[in-house]
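Below: one structure, written as structure tokens.
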Amino acid sequence: MRLFKQLLAVFAALLVIGAILMTFAYDVIKIDWLVFMELQSSYDDQEQPLPVPARSVPVEGVAYLPGMGEPENPVPADETSIARGAELYQIHCAMCHGAGGKGDGTVAAFLVKKKPADLTSEAVQVKSDGSMFLTITNGIWNPNNTLFPEKQFSGQMPPLNENLSVRERWDVVNYLRTIAASE
Ligand code: HEC
């Protein structure tokens, strides 16, 4: 009986010491409990967003689906639209394409593979409104970028569809039409 009591005392002492040690082991000994949030389909930082479900239609209209061709410009090039476009251009495009659209923005010096296009040039101005819209939406992809297939636009023009709403993109297109004339 005495032996049993002694053993119990030893166990109790070990338990107390163990408990004290465990408080310091917090975050050192990590036990990976099953958390149900781990089981959901999510994506990591910097990953491309999940693709849209098949047969879904964007709220902005079917014209903006990939592969549907160049959309028509639904926004009249009035004073308001051009003024808005000018402001948005200075925020979202000027760092690469330059304040005057000549392709001489501050970031341009760091783009080694392809320089930003001169937006006042004939080569760009002959493009349709819809083509410019799609350039802003999708960026210009480099299909030869095998190093980062998910970043095929790297080094060239990034897609800006998350920076500019559809209406804002058309405002920028309307402004681009005036950029050559304002020289
Ligand atoms: C990170 C720098 C960068 C930003 C920001 C940027 N562009 Fe570009 N853009 C480029 C580069 C680089 C090219 C040339 C790509 C090429 O020729 O492959 C280009 C090309 C273009 C072209 C010519 C497309 C063609 O088919 O030749 C248009 C139009 C254009 N950009 C419009 C815009 C507009 C409008 C914005 C702002 C909403 C914008 N870009 C923002 C870098 C940029």
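All values below were derived from every heavy atom in this structure, side-chain atoms included, with hydrogens, water molecules and symmetry-related copies excluded. As the structure lists them, so they are numbered: ligands from 1, and atoms in each ligand from 1.
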Which residue from [options] reaches closest to [atom] through any of its heavy atoms?
{"atom": "atom 42 (C) of ligand 1", "options": "M157, M132, R169", "answer": "M157"}
{"atom": "atom 30 (C) of ligand 1", "options": "E168, H97, M95, Q90", "answer": "H97"}
{"atom": "atom 24 (C) of ligand 1", "options": "I140, V124, D118, L111", "answer": "I140"}
{"atom": "atom 28 (C) of ligand 1", "options": "L119, I91, L134", "answer": "L119"}

Which ligand 1 atoms does [X] reach within 4.0 Å, using its non-hydrogen atoms?
{"X": "L164", "answer": "38 (C)"}
{"X": "I136", "answer": "35 (C), 38 (C)"}
{"X": "K127", "answer": "25 (C), 26 (O), 27 (O)"}
{"X": "V172", "answer": "35 (C)"}

Inset, instruction - Report the hydrophobic cluster partners of V126, with the cluster defined as I, L, V, M, F, W, Y residues connected by side-chain heavy atoms closer than 4.5 angstrom, directly or transitively. - result: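 ILVMFWY cluster around V126 holds nothing else.
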Whether [X] lies under 4.0 Å from ligand 1, heavy atom:
{"X": "L160", "value": "yes"}
{"X": "K115", "value": "yes"}
{"X": "V173", "value": "no"}

Inset, instruction - Select one of side chain, backbone, both or neither to describe which atoms of L88 lie under 4.0 Å from any atom of ligand 1, heavy atoms only. - result: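 None of L88 does.
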Legend entry - Which segment of P158 sits under 4.0 Å of ligand 1 when only heavy atoms are counted: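 Answer for P158: side chain.
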Legend entry - Whether D129 side chain and W170 backbone form a donor-acceptor pair below 3.5 Å: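 Side chain of D129 to backbone of W170, a donor-acceptor pair under 3.5 Å: no, none is there.
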Inset, instruction - Give a yes or no answer on whether the side chain of Q125 reaches the backbone of E122 with a donor-acceptor pair at less than 3.5 Å. - result: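 It does not hold such a pair.
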Inset, instruction - Tell me yes or no: between the side chains of N174 and N73, is some donor less than 3.5 Å from an acceptor? - result: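 On atom types as modelled, these side chains qualify, holding a pair under 3.5 Å.
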Legend entry - Side-chain donor-acceptor pair present, D171, S81, cut-off under 3.5 Å: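 The criterion, which ignores hydrogens and geometry beyond distance, is satisfied for S81 and D171.
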Inset, instruction - Look at the N, O or S atoms of T135, main chain and side chain alike, and state whether any lies under 2.8 Å from atom 8 (Fe) of ligand 1. - result: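 False for T135.
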Legend entry - N/O separation below 3.5 Å, H92 to ligand 1: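 For ligand 1, there is no N or O atom that lies under 3.5 Å from one belonging to H92.
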Legend entry - Check: Y89 N/O within less than 3.5 Å of ligand 1 N/O: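 No, Y89 has no N/O under 3.5 Å of an N/O on ligand 1.
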Inset, instruction - Take M132 and R169, measure what side-chain contact (heavy atoms from CB on, under 4.5 Å) needs, and give me the verdict at the end. - result: CA-CA 9 Å; M132 288 188 180; R169 278 172 247 165; over 6 Å; no
Inset, instruction - Report, as yes or no, whether the 6.0 Å neighbourhood of atom CD on E87 holds more than 12 heavy atoms from other residues, nucleotides or ligands. - result: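 Atom CD in E87 is not packed in, count stays at 12 or less.
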Inset, instruction - Determine, for D104 against K115, whether the closest basic-nitrogen to carboxylate-oxygen distance falls under 4.0 angstrom. - result: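 Not counted as a salt bridge, because no side-chain N and carboxylate O are separated by less than 4.0 Å.
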Legend entry - Of all pairs that satisfy ring pair (Phe, Tyr, Trp, His ring centres under 6.0 Å), the ones with a partner from residues 90-112, not counting sequence neighbours: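 Every candidate ring pair (Phe, Tyr, Trp, His ring centres under 6.0 Å) pair involving residues 90-112 fails, so no pair, neighbours aside, qualifies.
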Inset, instruction - Look up atom CG in L164 and atom CZ in F133, then write down how far apart they are to the nearest 0.5 Å. - result: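 The CG atom of L164 sits 10.0 Å away from the CZ atom of F133.
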